[in-house]
2 protein chains.
Amino acid sequence: MARAATTTDVFNAIAEPGRRQILDLLANGELSVNELVEQLGLAQPQVSKRLHVLREVGLVLVRDDGRQRHYRLNGRALKPVHDWIRRYEQMWNDRFDALDDLLEELDDQED
Amino acid sequence: MARAATTTDVFNAIAEPGRRQILDLLANGELSVNELVEQLGLAQPQVSKRLHVLREVGLVLVRDDGRQRHYRLNGRALKPVHDWIRRYEQMWNDRFDALDDLLEELDDQED
DNA sequence: TTATTATATGCCAATATGGGAATATATCAA
DNA sequence: TTGATATATTCCCATATTGGCATATAATAA
């Protein structure tokens, strides 16, 4: 078998920077495809293709308005990623930073 | 051009469930390749290949010990993912949950 | 109807998988 | 040295992209 499809799950969907960038833009509110095209500087088909992937995994929702299509973020779909990564949070935050600071202080005192 | 390599960055590296599973196992401490093979139920080459990808992006570190190789997690490498996802955290936690609870309460009172 | 605008889809070429099996490399034992 | 163990790499194959370009579809305007 080959690599899993980008539409397999949210983890695969957010692997591409362009798709993450779209989510980042939508975080500020709804945008039409053309507005996304302008802000991303990509060709329209490429933007539509990315939106298709994001829609398949539920990361964005659509609202039809005449011939325009307004996309908006569905942040909740990112929760599985957040839940997974949260287990590792402790490996770089407070506790360990505090330990680093302590070790640094002790190191300084030795001079 | 084709799809970006899995070794391009951490986002691509963690897109595959098998690689995430390896990280999860290593979260409990160092493991040799064979120990991982046993726990994962995968063929040895497949495990080595995944470890190779994880090593390329800095997610695991190796310690040589005779003919064994002990891999351990380098959780800090996950920070970019955490930093990115954190921006969306508010979309499903406290504030929104609190709003949900409130709406639910109001709904209950109507009975 | 015809033209125009907004968006989606199809086709093509190049490429990076990921699984299985075989094999290479390294270390240790007898 | 020879054999066995631990791990990495290579080869083959089927597949899923991704970009660019052309085109189809839908809605609206003239």
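Atoms considered below: every heavy atom in the structure, side chains included; atoms not considered: hydrogens, waters and symmetry mates. Only a predicted model underlies this, so the values are computations on that prediction, with no experimental measurement involved. Residue numbers start from 1 in every chain, and the chains themselves are labelled A, B, ... in the order their sequence lines are given, proteins ahead of strands.
In this structure, CZ in Arg19(B) is found 8.0 Å from CG in Asn12(B), a value given to the nearest 0.5 Å. In this structure, CG on Leu73(A) lies 6.0 Å from OH on Tyr88(B), to the nearest 0.5 angstrom. Note that CD1 of Ile22(B) is 11.0 Å distant from CD of Gln39(B), once rounded to the nearest 0.5 Å. Atom CZ of Arg86(A) sits about 11.5 Å away from atom CZ of Arg86(B), to the nearest 0.5 Å. In this structure, CD on Gln44(B) lies 9.5 Å from CG on Leu51(B), to the nearest 0.5 angstrom. Here the straight-line distance linking atom NE2 of His82(A) with atom CZ of Arg87(A) works out to 12.5 Å at 0.5 Å rounding.
Contact check for Leu23(B) versus Trp84(A): side-chain heavy atoms found under the 4.5 Å cut-off. Residues Arg50(B) and Leu42(B) meet the side-chain proximity criterion, which asks for heavy atoms closer than 4.5 Å. Leu40(A) has its side chain within reach of Gln21(A): a pair of non-hydrogen atoms, C-beta onward, lies under 4.5 Å apart.
Of all heavy-atom pairs spanning Arg55(B) and Val60(B), the tightest one is N-CG2, 3.6 Å. When every heavy atom of Thr6(B) is checked against every heavy atom of Val57(B), the shortest pair comes out as O-CG1, 4.3 Å.
Taking every heavy atom of residues 5-21 of chain A and every atom of DNA chain D, pairs under 4.0 Å involve Ala5(A), Thr6(A), Glu16(A), Arg19(A), by number.
Between the CG atom of Leu31(B) and the C1' atom of dA6(D) there is a distance of 15 Å, given to the nearest Å. As a whole-Å value, the separation of Ile22(B) CD1 from dG18(C) C1' is 13 Å. One atom, CZ of Arg63(A), and another, C1' of dT7(C), lie 15 Å apart when rounded to the nearest Å. Rounded to whole Å, the distance from CD on Gln68(B) to C1' on dA4(D) is 14 Å. In this structure, the CZ atom of Arg50(A) is 8 Å from the C1' atom of dT18(D), given to the nearest Å. Following rounding to the nearest Å, Arg3(A) (CZ) and dT18(D) (C1') show an atom-to-atom distance of 11 Å. Leu42(A) has its CG atom 18 Å from the P atom of dA6(C), to the nearest Å.
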Between the protein and nucleotides 8-12 of chain C, are there any N/O to N/O pairs under 3.5 Å, and if so, what are the atom names and distances?
{"residue": "dA8(C)", "atom": "OP1", "partner": "Arg69(A)", "partner atom": "NH1", "Å": "3.0"}
{"residue": "dA8(C)", "atom": "OP1", "partner": "Tyr71(A)", "partner atom": "OH", "Å": "2.5"}
{"residue": "dA8(C)", "atom": "OP2", "partner": "Ser48(A)", "partner atom": "OG", "Å": "2.7"}
{"residue": "dA8(C)", "atom": "N7", "partner": "Gln44(A)", "partner atom": "NE2", "Å": "2.6"}
{"residue": "dA8(C)", "atom": "N6", "partner": "Gln44(A)", "partner atom": "OE1", "Å": "3.3"}
{"residue": "dG10(C)", "atom": "O6", "partner": "Lys49(A)", "partner atom": "NZ", "Å": "3.2"}

Using a cutoff of under 3.5 Å, can you pull out all pairs of nitrogen or oxygen atoms linking the protein to nucleotides 3-5 of chain C, with atom names and distances?
{"residue": "dT5(C)", "atom": "O4'", "partner": "Arg67(A)", "partner atom": "NH1", "Å": "3.4"}
{"residue": "dT5(C)", "atom": "O2", "partner": "Arg67(A)", "partner atom": "NH1", "Å": "3.2"}

